[in-house]
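Just so we're on the same page: letters track the sequence lines, and every chain starts at 1.
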Amino acid sequence: MSLNNELAELFKTAAAVMEIKGEAVFKSIAFSKVARLLGELPFDIRKSVEDGSIDTITGIGKSSRKIIEDVVRTGTSADIESLKSSIPEGLVPMMQIPSLGPKTISMLWKQRGITNIGELTVAIVEGKLEGLKGLGEKKIQSIKDGITMLTAGGGRIGLINALPIAEKLLEQVRALKGVERAEVAGSLRRWRETIGDVDIVAAVSATSTRGHDISRAFTKFPQVGRVLGQGETKSSVLVDGGLQVDLRIVPEEHFGAAMQYFTGSKEHNVTLRGLAQDKGMTLNEWGLYKLTEYDKAKKLTGKPPAVPAVASRSEEDIYEALGMDWIPPELREDRGEIALATAHKVPKLIVVKDIRGDLHSHTKASDGDSTIEQMAEAAIALGYEYLGITDHSKSQVIANGLSVERLLKHLEAIRKVAAKIKGIKVLASCEVDILTDGTLDYGDEILKELDYVIASPHASLKQDPKKATDRLLRAVDNRYVNIIGHPTGRKIDKRGGLPVEFETVFARAAKAGVAMEINAGWPRLDLNDVNARAAIAAGVMLSVNTDAHSISDFEQLPLGISVARRAGAEAKNVINTLDHTSLMKFLTRKR
DNA sequence: GCCGTTTTCGGCCCGACTGTTTTCAGTCG
């Protein structure tokens with residue numbers, strides 16, 4: 001784990017400890033913010049400590065800075081250690097249990113001596129929680145269920161698995177009587193790589209009283225396994241497979257506000273609501289309101305009041321009323337997008353249709369399922385101008401990598417297809433392994449025979465940062481290398497991949513004219529959004545490819561595009577939006 | 001704990017739902 005991530009974990013733990021101890025909530029919020037910040041920093045925090053620029057990072061104050069400096073210099077922080085040792089270690093992981101929060105954990109500890117999830121499980125089974133204030137039969141049951149869900153590996157599921165489930169449910173919701181329109185919100189709308197739950201917002205006409213019926217009908221869908229909650233405006237269920245799905249029902253005039261609110265992210269919304277306050281307004285799931293009117297009415301009724309909203313019908317209205325451009329959901333992570341929107345400088349994000357060809361694909365020659373012709377025909381059907389055939393190199397024995405002899409024959413076969421087939425340029429290339437020390441799997445005398453070269457790490461993905469960084473640098477330096485494929489080799493939920501110091505690699509790649517791939521194949525999505533964002537900032541070109549091993553794999557392109565969009569990429573940042581002539585200019589300028 | 005062209009002190013986002021409550025605390029997103 002990188003130092004940034006280690007520190008992020010440290011601050012996360014510290015925040016949890018403070019919550020359990022019941023310290024001022026804003027302290028733990030501040031530490032949570034520092035944790036998130038560190039996890040997303042595109043550079044090594046060590047550098048900021050050394051050159052003093054840590055002072056300029058908003059969110060890191062005096063206390064956090066001391067903790068970070070201590071850890072950088074000595075490997076540990078006395079402040080954090082004493083905080084951690086002030087409560088039993090096992091209490092912190094209990095925070096992961098759904099429906100169990102800091103207050104209850106603290107009570108369980110003080111009144112029943114429970115200090116970890118195991119003891120809690122035993123206490124429930126033995127009926128030792130009875131008689132505790134606020135813990136009735138149902139609450140205990142929901143804690144029990146929460147533990148089961150957590151230990152079953154519960155939590156987030158992959159984007160690729162959530163998409164079809166959500167699509168089906170959306171269709172069913174739209175078909176319900178009284179529903180005027182419905183859309184998916186939440187992290188799925190933001191295309192996060194993993195999804196905690198699916199959020200669906202449904203609009204009913206302003207005069208409709210069908211909220212309850214719709215809510216009820218939703219909980220009766222055939223794929224619903226369990227109903228977690230059901231109200232007039234909101235229902236939560238678990239569908240088969242354990243995924244939580246929330247439905248919110250709002251009058252149509254509040255649809256935009258509800259979509260904005262439930263799309264999140266939470267951090268984006270918190271910042272936005274702070275901004276609304278600065279402007280004398282308040283923003284909630286019902287709309288944007290003038291604070292004076294809203295407060296006055298709320299004091300009278302004690303409830304969210306029915307005063308006219310400044311904006312609520314569409315998201316565009318809300319952002320506009322706050323003085324900014326509408327922000328694409330993929331950017332709503334509080335990573336600077338609100339400042340951009342206020343300055344009217346929101347990037348015109350790349351879309352799937354901008355892509356003119358795929359530069360990473362496999363055939364039967366190595367470990368693909370289809371022939372060169374089949375892949376080319378599929379690419380034509382997608383409207384592509386070009387397709388790069390990039391089978392594996394000789395070290396990928398498991399993937400039937402090509403020996404030099406087989407490669408030369410394969411190149412001939414590709415060129416034969418290229419000459420014959422109309423309507424697409426088929427490029428003869430290869431996905432060449434970047435070996436452990438950064439040398440490539442073929443010598444230059446072979447590489448120069450290829451139209452271009454994509455070089456990727458496949459094995460030895462547990463190197464230390466220095467070795468991993470040098471490995472990629474050496475590949476970037478090769479005069480024939482044009483693209484670094486899936487630069488870290490990570491697989492979502494399976495392995496972390498190489499701990500590359502990307503600041504260094506990106507600087508070199510920008511200078512050398514080497515593109516970095518966003519591999520759209522699940523579960524790679526590599527580079528990820530944060531690294532791709534840093535690449536763009538460093539002036540590096542990206543290449544979004546599917547790494548297709550069969551013609552159906554081309555369909556995964558939207559996943560890669562979503563990563564590019566989350567990184568703030570425009571078409572001009574991605575080489576395979578170029579027409580064929582411009583692309584070849586890019587690919588040959590190093591030679 | 002962090003922040004500041006209204007503030008170095010006094011703020012800091014907001015509502016729904018649940019359960020166990022006779023008016024609210026805890027949790028969640």
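- If you check every strand for non-hydrogen atoms under 4.0 Å, A:Ser236 touches nothing.
- A:Ser28 comes within 4.0 angstrom of no nucleic acid atom, judged by non-hydrogen atoms across all strands.
- Using C1' as the reference atom, B:dA16 and B:dC12 are 22 Å apart when rounded to the nearest Å.
- Following rounding to the nearest Å, A:Glu130 (CD) and B:dT20 (P) show an atom-to-atom distance of 12 Å.
- Using a 4.0 Å heavy-atom criterion, one finds that A:Lys234 contacts the sugar-phosphate atoms exclusively.
- Within 4.0 Å (heavy atoms only), A:Lys62 reaches sugar-phosphate atoms of the nucleic acid but no base atom.
- Interatomic distance, A:Asn4 CG to A:Glu40 CD, rounded to the nearest 0.5 Å: 11.5 Å.
- In this structure, the nucleotide among B:dG26, B:dT20, B:dC14 sitting nearest to the side chain of A:Lys138 is B:dT20.
- Nucleic acid contact for A:Phe262: none, since no nucleic acid atom lies under 4.0 Å from a heavy atom of the residue.
- Taking atom CD on A:Gln230 and atom P on B:dG19, their separation rounds to 12 Å, with Å as the unit.
- The distance from atom CD of A:Gln141 to atom C1' of B:dT20 is 16 Å, rounded to the nearest whole Å.
- Remark: C1' of B:dG29 and CG of A:Leu272 are 16 Å apart, rounded to the nearest angstrom.
- For the C1' atoms, the distance from B:dT8 to B:dG1 is 15 Å, rounded to whole Å.
- Side chain of A:Gln277, nearest nucleotide from B:dC12, B:dG29, B:dA16: B:dC12.
- In this structure, A:Gln223 and A:Lys168 have side chains that are in contact, with non-hydrogen atoms separated by less than 4.5 Å.
- Between the CG atom of A:Leu132 and the C1' atom of B:dT20 there is a distance of 13 Å, rounded to whole Å.
- Here the side chains of A:Arg192 and A:Glu333 are in contact, with some heavy-atom distance below 4.5 Å.
- Nucleotides B:dT20 and B:dG15 are separated by 26 Å at their P atoms, to the nearest Å.
- Nucleic acid contact for A:Phe31: sugar-phosphate only, since backbone atoms but no base atoms lie under 4.0 Å from a heavy atom of the residue.
- Among the atoms of the strands shown, only primed sugar atoms or phosphate atoms (P, OP1, OP2) are found under 4.0 Å from some heavy atom of A:Ile97.
- Looking at heavy-atom distances under 4.0 Å, A:Thr282 makes contact with sugar-phosphate atoms alone, never a base.
- Note on A:Leu100: only backbone sugar-phosphate atoms sit closer than 4.0 angstrom, heavy atoms only; bases stay farther off.
- Taking the six-membered ring where the residue is Trp, A:Phe218 and A:Phe221 present perpendicular rings, their angle passing 60° and hence far from 30°.
- Under the stacking criterion of a centre-to-centre distance below 5.5 angstrom and an interplanar angle below 30°, A:Phe26 sits stacked against the six-membered ring of B:dC12.
- In terms of position along DNA chain B, the nucleotide closest to A:Val270 lies nearer the 5' end than the nucleotide closest to the other residue of the pair A:Val270 and A:Arg248.
- Neither side chain, A:Gln556 nor A:Trp522, offers a donor N or O lying under 3.5 Å from an acceptor on the other.
- Rounded to an integer number of Å, the gap from CG of A:Leu275 to P of B:dC12 is 15 Å.
- Put simply, CG on A:Asn269 is 13 Å from P on B:dG15, counting in whole angstrom units.
- Residue A:Leu283 is classed as a sugar-phosphate contact, given heavy-atom separations below 4.0 Å to backbone atoms only.
- Taking only side-chain atoms of A:Lys103, from C-beta outward, the nucleotide of B:dG29, B:dT27, B:dG15 with the closest atom is B:dT27.
- Classified by interplanar angle (parallel below 30°, tilted 30° to 60°, perpendicular above 60°), the ring pair A:Tyr319/A:His268 is tilted.
- Here A:Thr271 lies out of heavy-atom contact (under 4.0 Å) with every strand.
- The listed nucleotides are B:dC2, B:dA16, B:dC3; the one nearest the side chain of A:Glu285 is B:dA16.
- When both pairing distances are held under 3.5 Å, B:dC12 makes a Watson-Crick or G-U pair with B:dG1.
- When the nearest nucleotides of DNA chain B are assigned to A:Lys139 and A:Pro102 by heavy-atom distance, the more 5′-ward of the two goes with A:Lys139.
- One distance of note links CG of A:Leu37 with CZ of A:Phe11; it measures 10.0 Å at 0.5 Å rounding.
- Contacts of A:Gly59 with the nucleic acid, taken as non-hydrogen atoms under 4.0 Å apart, involve only primed sugar atoms and P, OP1 or OP2.
- Atoms CD (A:Glu333) and C1' (B:dG29) sit 14 Å apart, rounded to a whole Å.
- The base of B:dG29 lies close enough to the side chain of A:Tyr261 for a donor and an acceptor atom to sit less than 3.5 Å apart.
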